[in-house]
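So that the names make sense, note that chain A is the first sequence line, chain B the second, and so on, each numbered from 1.
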Amino acid sequence: MDRYNFKTIEEKWQNLWAKNKTFKTKTDKSKKKFYCLEMFPYPSGKIHMGHVRNYTIGDVLARFKSLQGFNVLHPMGWDSFGMPAENAARQNNLDPKTWTEKNILAMKSQLKKLGLSIDWDREISTCTPEYYKHQQAFFLDLLEKKLVYRKENYVNWDPVDETVLANEQVIDGKGWRSGAAVERKKLSQWFFNISKFSQDLLDGLDNLNSWPNKVKVMQKNWIGKSFGSEINFKVEGDLPVDNIKCFTTRPDTLFGFSFLALSIDHEISKFYSDNNDFLKFKEECSKTGTTEEAIAVGDKIGFKTNLVATNPLNPKHKVPVFFANFVLMDYGFGAVFGCPAHDQRDFDFAKKYKLEIKTVVKPFNENDDFEVKDEAYPGPGILINSNFLNGLEAPDNSVIETIKILEEKKIGKKQINYRLKDWGVSRQRYWGCPIPVAYDEKGNVHPIPKSMLPVKLPENIELKVKGNPLDSQKDWKEITIDGKKLTRETDTLDTFVCSSWYFLRFCSPYENNHGFKEDDINYWMPVDQYIGGVEHAILHLLYSRFFMKAISYNNKNFNLEEPFYGLFTQGMVCHETYKDPDNNWVSPEEIETIDGKKYLKSDKSKMIKVGPSESMSKSKKNTIDPENIILNYGADAARLFILSDSPPEKDVQWSEEGIVSSFKFIQKLWNFNSKILKEIQKDHKKDHDQEVEKFTNKLIKKVTENLENFSYNKIVANLHEMHTFFSKQIENDYTKKTLKKNYKDILILMSPVIPHFANECLEIIQSQNSNKWPTFDQKFIENESVTIVIQINGKKRGLLNLKKDTDEKELLSLVKKDEKLNKYLENKIIKKQIFIKNKIINLII
RNA sequence: GCCCUCGUGGUGAAAUUGGUAGACACAAAGGACUUAAAAUCCUUGCCGCUUGCGGAGUGCCAGUUCGAGUCUGGCCGAGGGCACCA
């Protein structure tokens with residue numbers, strides 16, 4: 001038996017696919033399309049197991065759909081702008097462009113070794129001017145549509161690196177790189193008006209039936225729609241202010257009103273700008289306000305003003321006005337109406353400042369004298385102590401009724417609020433897409449004319465300066481448009497902008513004048529199946545959905561509602577963690593197993609502690625390098641193993657034993673292939689064709705269904721079953737023709753998962769051309785005999801193998817003839833019998 | 001605190017519309033082949049007794065049903081998301 005030489009065979013097929021451009025896609029409107037896309041990678045320089053899993057899942061689908069006759073678009077590109085390039089460049093004295101290009105080459109060759117069916121002619125890279133010039137054009141379009149604007153906003157400012165940090169880059173109130181305490185700073189920033197589409201983005205979720213529910217729920221919560229009312233409170237006091245607006249979801253609890261709380265950034269705060277006590281209070285607020293958790297568990301603190309607010313439903317009722325640390329400026333109107341009895345946060349605040357706590361809702365099962373004591377009651381019930389609102393059912397009914405009254409009295413009106421905030425896209429960094437605008441001396445914005453695009457990034461720049469390197473590029477910054485001397489915007493776009501439309505670019509990657517051709521978009525979009533990690537559930541997926549709506553906005557030529565028809569989020573790749581006796585993390589390569597126990601290779605006296613299996617990460621040293629795996633076991637074995645055992649949406653445990661077993665299985669299949677080849681040479685007279693036809697047709701049905709449902713782990717099991725079945729049956733006699741036909745179908749079933757192996761075998765049996773996904777024949781699926789479960793009092797007591805459609809009477813007589821079964825029935829009266837044809841009989845005695 | 005998802009052998013997991021629980025694989029133990037090892041193949045899997053069979057059994061407690069891993073209610077546990085959103 002010869003060894004399966006995966007090295008030569010995999011290389012042979014990869015070269016052939018490249019030479020023949022097997023996976024090149026054309027826009028062919030006569031064919032049904034299938035757009036299969038995996039989230040494109042950041043070119044870090046090396047692929048990791050997460051990539052292997054992501055791209056294997058996508059490749060299985062792309063190959064399957066292609067064999068089914070679809071015109072498949074399966075492209076790949078690079079999300080190549082971003083900070084790591086800038087950081088690496090600083091460390092290695094290499095410019096980000098060179099570093100990135102080098103990484104792309106390295107990763108591309110690694111991906112190719114996986115044998116992916118990708119149309120590499122459509123490769124794109126977001127850091128090239130050919131890509132980002134279109135992005136700049138989109139920016140200008142959105143500017144014209146007023147979907148982009150500039151505003152002052154608070155940002156996380158790192159005073160050492162002189163740059164803005166994203167929220168996730170602030171760890172415990174400190175910059176992740178510099179370690180400096182992050183400051184709140186007001187800066188002029190560019191914003192995409194994503195909140196304009198809040199309702200559309202929310203409504204669109206209802207139609208995304210092929211998205212995981214989890215992701216839809218996350219987006220729904222993120223958009224955070226709430227229904228309530230805006231109320232205008234009259235205020236009196238020593239300031240030139242006579243009313244304050246609030247948003248509330250519970251106007252029905254107005255009779256429980258006991259204070260008004262304002263954000264420290266509320267416009268009224270301007271009257272306190274020279275009040276030392278207020279400034280002190282403000283500082284205290286910012287201290288607790290660094291981490292989210294500290295905010296949540298932190299004390300509620302307030303600063304009392306001399307203002308008094310009037311209850312609009314009861315003008316005699318006046319309450320104090322506070323500034324409070326828990327009120328956010330960018331939600332509602334930066335002012336909250338406090339009803340302590342029915343909101344825990346208001347309750348805490350009222351306790352601390354000894355404010356009135358008046359109960360106005362009682363639970364359904366309580367009496368009218370119900371009183372809130374130790375904690376607020378936010379639940380449903382009946383309104384009490386509320387004058388003309390008494391007796392209303394809260395909250396649904398009472399809120400609507402109260403709003404009606406407020407609207408009649410012109411005190412307030414119905415209002416819907418969203419938590420979704422506009423998307424700040426300015427980044428004070430070099431390695432990103434330049435924002436195509438300039439400013440005059442007065443700071444007025446001048447868009448760069450489209451004819452002057454792209455605004456290219458300057459090369460050979462000094463990165464070791466503090467802050468944004470573009471700021472110090474005088475030559476680049478100065479520009480003359482229509483004779484006017486202007487200064488360029490030095491901020492670049494958030495890299496999430498690049499990934500918000502790359503799937504459109506893949507449809508027309510060679511189009512020079514526009515980001516895409518409408519013709520191509522209308523054919524290819526939406527992406528039929530998008531595959532990637534769940535960590536992008538909100539940001540990337542929401543931004544992309546927004547981008548489609550933004551470019552479709554006021555556009556007559558096309559209207560794309562949603563970019564991704566189907567979404568699949570795969571689980572992570574995990575591995576056991578190891579520590580040496582000194583509690584240092586140890587990588588799997590440094591370990592040797594002796595008699596089932598693990599020791600350090602370099603010092604065999606040191607035993608290794610095995611920790612739980614966790615998602616692969618460099619910090620825990622539990623990563624496995626895909627390159628080594630492919631080198632030692634081959635791409636097919638790697639693909640097979642990463643799909644085995646765990647369903648693709650769940651985490652998978654990587655193990656040495658697992659990859660070895662996949663590797664061995666391919667060898668078994670190779671041996672099996674040799675056996676079949678011998679059998680095909682003979683032409684037998686005896687005929688077991690029916691059995692093999694039946695098995696194959698059932699296999700086709702199962703594998704096809706499992707592919708449609710992303711049950712890829714079950715396909716691997718199906719292949720094992722196939723091997724076991726044929727190993728037992730091969731000595732039987734089949735006609736040459738049947739065996740060959742069925743074997744060919746089986747090889748096609750294997751080919752999405754282990755394409756190199758399957759194509760090699762198909763070639764050997766001279767059948768690599770015109771391969772189509774096999775279909776099954778119903779007549780082989782149905783059995784003429786069935787196994788019937790015999791239950792007595794609901795307990796399984798035996799099985800009978802009978803002719804299909806045996807009726808109840810005959811079955812019962814057979815049960816009685818069966819010695820084992822009948823012993824349960826002797827001297828008993830059958831009280832009741834339940835019979836389901838071809839399935840079960842349950843006898844109650 | 002709120003929202004979502006999930007609890008099945010030593011492990012990863014299978015189980016159409018409620019109808020044979022544990023397919024397939026990993027690990028372990030025992031066996032076969034072999035001078036031996038590797039490789040390969042077979043058996044076992046929780047409790048009880050003798051092969052064979054019987055019993056319990058899908059996180060826990062109830063319920064619906066002839067029949068529940070699957071449906072309903074309550075509880076416990078794990079993972080993920082959000083977090084002063086008024």
Side-chain angles (χ1 to χ4, degrees), chain A residues 1 212-222 224-226 228 231 246-251 253 261 263 288-289 291-300 324-328 330-339 342-346 348-349 375 378 417-421 534-535 537-538 574 596 613 641 644-647 649-662 664-665 667-668 671 705 711 713-724 727 787-799 820 831-836 838-844:
Chain A
M1 241 168 255
N213 198 45
K214 173 174 63 169
V215 175
K216 289 196 278 186
V217 169
M218 279 163 77
Q219 291 209 358
K220 195 179 161 194
N221 292 340
W222 189 263
K225 180 178 181 172
S226 54
I231 301 176
C246 286
F247 171 73
T248 176
T249 55
R250 294 300 301 274
T253 61
S263 159
T288 52
T291 69
E292 283 163 355
E293 213 186 334
I295 292 166
V297 297
D299 256 359
K300 316 256 177 295
N325 63 338
F326 61 85
V327 184
L328 303 171
D330 49 9
Y331 185 82
F333 300 97
V336 172
F337 123 79
C339 176
H342 305 289
D343 181 295
Q344 190 56 43
R345 191 193 40 198
D346 295 349
D348 296 342
F349 191 78
E375 56 178 357
N417 248 355
Y418 300 91
R419 253 166 52 177
L420 182 64
K421 289 167 197 151
V534 73
E535 65 273 20
I538 293 171
C574 300
S613 188
F641 176 57
S644 302
D645 292 347
S646 292
E649 70 274 14
K650 288 178 96 179
D651 289 353
V652 67
Q653 317 292 327
W654 186 276
S655 72
E656 180 72 15
E657 292 84 6
I659 181 70
V660 168
S661 119
S662 291
K664 285 181 186 168
F665 184 55
Q667 178 63 42
K668 281 188 203 171
N671 300 342
E705 283 169 0
S711 300
N713 54 325
K714 288 189 238 167
I715 295 173
V716 179
N718 295 151
L719 295 181
H720 279 286
E721 278 165 348
M722 184 280 297
H723 180 252
T724 310
S727 303
T787 305
I788 301 203
V789 183
I790 316 300
Q791 287 186 346
I792 288 160
N793 287 344
K795 244 183 202 349
K796 185 184 92 176
R797 291 299 179 187
L799 300 170
K820 271 185 212 157
K831 289 186 208 150
K832 190 176 176 183
Q833 57 196 62
I834 294 101
F835 173 71
I836 313 269
N838 298 328
K839 268 198 175 152
I840 198 163
I841 186 160
N842 189 4
L843 303 168
I844 311 302

### Task
Spell out protein contact along nucleotides 1-18 of chain B as letters: B when the base is contacted, S when just the sugar-phosphate is, - when no protein heavy atom is under 4.0 Å; keep the 5' to 3' order.
--S--------BSSS-B-
Once you round it to whole Å, what is the distance between [atom2] of [N] and [atom1] of [X]?
X	N	atom1	atom2	value
His720(A)	C24(B)	NE2	C1'	7 Å
Arg345(A)	C84(B)	CZ	C1'	6 Å
Tyr418(A)	C85(B)	OH	P	19 Å
Gln833(A)	C66(B)	CD	C1'	11 Å
Asn793(A)	U65(B)	CG	C1'	14 Å
Asp330(A)	C84(B)	CG	P	11 Å
Ile715(A)	A23(B)	CD1	C1'	15 Å
Lys664(A)	A27(B)	NZ	P	7 Å

Minimum heavy-atom separation for [X] to [Y], with atom names?
X	Y	answer
Ala261(A)	Phe326(A)	CB-CZ, 4.4 Å
Ala537(A)	Gln219(A)	O-NE2, 2.9 Å
Val789(A)	Lys796(A)	CG1-CG, 3.9 Å

Take atom [atom1] in [N] and the same atom in [M], then report the distance between them in whole Å.
N	M	atom1	answer
U65(B)	U16(B)	P	24 Å
A29(B)	G45(B)	C1'	10 Å
C71(B)	C82(B)	C1'	31 Å
G31(B)	A78(B)	P	42 Å
C60(B)	G7(B)	C1'	11 Å
U50(B)	U64(B)	P	41 Å
G22(B)	G9(B)	P	14 Å
G18(B)	U58(B)	C1'	15 Å

Mind checking [X] for me? I need base, sugar-phosphate or nothing, with any heavy atom below 4.0 Å counting as a touch.
X	result
Glu721(A)	sugar-phosphate
Lys795(A)	sugar-phosphate
Lys216(A)	nothing

### Task
Fill in the dot-bracket string of RNA chain B, one character per base: . for unpaired, | for a pair to another strand, ( ) or [ ] for pairs within the strand, taking Watson-Crick or G-U pairs under 3.5 Å.
(((((((..(((......[....))).(((((.......))))).((((..))))...(((((..]....))))))))))))....
Could you check whether any side-chain heavy atom of [X] comes within less than 4.5 Å of a side-chain heavy atom of [Y], counting everything from C-beta outward?
X	Y	result
Phe641(A)	Ser661(A)	no
Ser226(A)	Tyr331(A)	yes
Leu799(A)	Ile790(A)	no
Ile659(A)	Trp654(A)	yes

Of the candidate nucleotides [options], which contains the atom at the shortest distance from the side chain of [X]?
X	options	value
Phe326(A)	C82(B), C41(B), C84(B)	C84(B)
Tyr331(A)	A86(B), A23(B), C41(B)	A86(B)
Lys796(A)	A21(B), C82(B), G67(B)	A21(B)
Ile844(A)	C66(B), A21(B), A86(B)	C66(B)
Lys300(A)	U20(B), C84(B), A83(B)	C84(B)
Ser226(A)	A23(B), C41(B), A86(B)	A86(B)
Arg419(A)	C82(B), A86(B), A21(B)	C82(B)

### Query
Looking at NZ of Lys668(A) and CG of Leu719(A), how far apart are the two atoms once the value is rounded to the nearest 0.5 Å?
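The NZ atom of Lys668(A) sits 12.5 Å away from the CG atom of Leu719(A).
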### Query
In Å, rounded to the nearest 0.5 Å, how long is the span from CD1 of Ile792(A) to CD1 of Ile841(A)?
9.5 Å
### Message
So for atom NZ, which belongs to Lys216(A), do other residues, nucleotides or ligands contribute more than 12 heavy atoms lying within a distance under 6.0 Å?
### Response
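It does: Lys216(A) NZ has more than 12 such atoms within range.
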### Query
Backbone N or O of Arg345(A) within a donor-acceptor pair of the Asp343(A) side chain at under 3.5 Å?
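Confirmed, Asp343(A) side chain pairs with Arg345(A) backbone.
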### Query
Does Asn842(A) reach the main-chain N or O of Gly794(A) with its side chain, forming a donor-acceptor pair under 3.5 Å?
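Between the backbone of Gly794(A) and the side chain of Asn842(A) there is a qualifying donor-acceptor contact (under 3.5 Å).
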#### Entry: Arg250(A) (side chain) and A86(B) (base): donor-acceptor pair under 3.5 Å
no
### Query
Between Gly658(A) and Thr787(A), which is nearer to the 5' end of RNA chain B once each is assigned its nearest nucleotide?
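Result: Thr787(A).
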### Query
Taking the nucleotide of RNA chain B with the closest heavy atom to each, which residue, Val534(A) or Lys225(A), is nearer the 5' end?
Val534(A)
### Message
For U20(B) and Arg797(A) - does any side-chain N or O of the residue sit under 4.0 Å from the phosphate oxygens OP1/OP2?
### Response
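For Arg797(A), the contact criterion (side-chain N or O under 4.0 Å from OP1 or OP2 of U20(B)) is not met.
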### Query
Hey, is the side chain of Lys832(A) poking within less than 4.0 Å of OP1 or OP2 on G67(B), counting only N and O atoms?
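It does not, given that no N or O in the side chain of Lys832(A) lies less than 4.0 Å from OP1 or OP2 of G67(B).
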## Note on the structure
With syn defined as a glycosidic angle within 90 degrees of 0 and anti as anything else, the base of G9(B) is syn
